[in-house]
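So the structure is just underneath, and the comments pick up after that.
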Amino acid sequence: MSEGDSVGESVHGKPSVVYRFFSRLGQIYQSWLDKSTPYTAVRWIVTLGLSFIYMIRVYLLQGWYIVTYALGIYHLNLFIAFLSPKVDPSLMEDSDDGPSLPTRQNEEFRPFIRRLPEFKFWHSATKGILVAMVCTFFEAFNVPVFWPILVMYFIMLFCITMKRQIKHMIKYRYIPFTHGKRKYKGKEDAGKTFAS
């Protein structure tokens, strides 16, 4: 390879202006994401607000139902990944090696580790809403469909998928919403001090 063949470099070996611009833009974007990490409630409120604005836009425009259906399917897929454990217990059932979810009261506590962490779930859901919003500005995505059928399909798909997920949770005894290790109470203090 010669000096100017690597990606983002100009002929003189320095990064090109375009590469530096997009690199800096990516750093700023990542910085804002990092700053927003501890503010879970605020992040989700902003996402719900964007979702509400998107729904109002679709309602006022009376179109882009295919885009909305695709967004709903995408959010359902993200939600299922959010509810699923990182290591599927059904795959661990056959092999005796490796970690498994506790099945008895006296087993060691292992926190629930999601396949899709909350932050990535929020980030992907928000990006999905923004992409769908951008799609509503292009007439090519406004495919004429009978929207009640799409709503019926989505409700059926949601019910079938959630039924399967809940059966999976019951079969392998896991709850996707835990908040840390259990706190056990010690023996009650009788109030007596020991004399030495």
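Arg57 approaches Thr136 most closely through the heavy-atom pair NE-OG1, 2.7 Å. When all heavy atoms of Ile80 and Met162 are compared, the closest pair comes out as CD1-SD, 3.6 Å. Here the shortest heavy-atom pairing between Ser51 and Ile129 reads CB-CD1, 3.8 Å. Contact record, Ala125 with Leu78: N-CD1, 3.6 Å, taken as the closest heavy-atom pair.
Scored by the side-chain contact (heavy atoms from CB on, under 4.5 Å) test, Val17 finds Arg20 as partners (sequence neighbours excluded). Taking Tyr29 as the reference, His123 meet the side chain to side chain donor-acceptor pair (under 3.5 Å) condition, with sequence neighbours excluded.
Not less than 6.0 angstrom separates the ring centroid of Trp122 from the ring centroid of Phe82.
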(message) Walk me through whether Tyr39 and Trp44 qualify under ring-ring contact (aromatic ring centres under 6.0 Å, His included).
(response) CA-CA 9 Å; Tyr39 304 106; Trp44 281 104; over 10 Å; no
(request) Test side-chain contact (heavy atoms from CB on, under 4.5 Å) on Val58 and Tyr65 and set out the steps. (result) CA-CA 8 Å; Val58 168; Tyr65 301 122; 4.1 Å; yes
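No side-chain donor from either of Trp147 and Gln62 sits under 3.5 Å from a side-chain acceptor of the other. With hydrogens and angles left out, the side-chain atoms of Tyr54 and Thr68 include a donor and acceptor closer than 3.5 Å. For Ser36 and Arg43, the side-chain atoms include no donor-acceptor pair closer than 3.5 Å.
Using cut-offs of 30° and 60° for the angle between ring planes, the Phe154 and Tyr69 rings count as perpendicular.
Residue pairs meeting the side chain to side chain donor-acceptor pair (under 3.5 Å) criterion with at least one partner in residues 70-82, sequence neighbours excluded, are absent.
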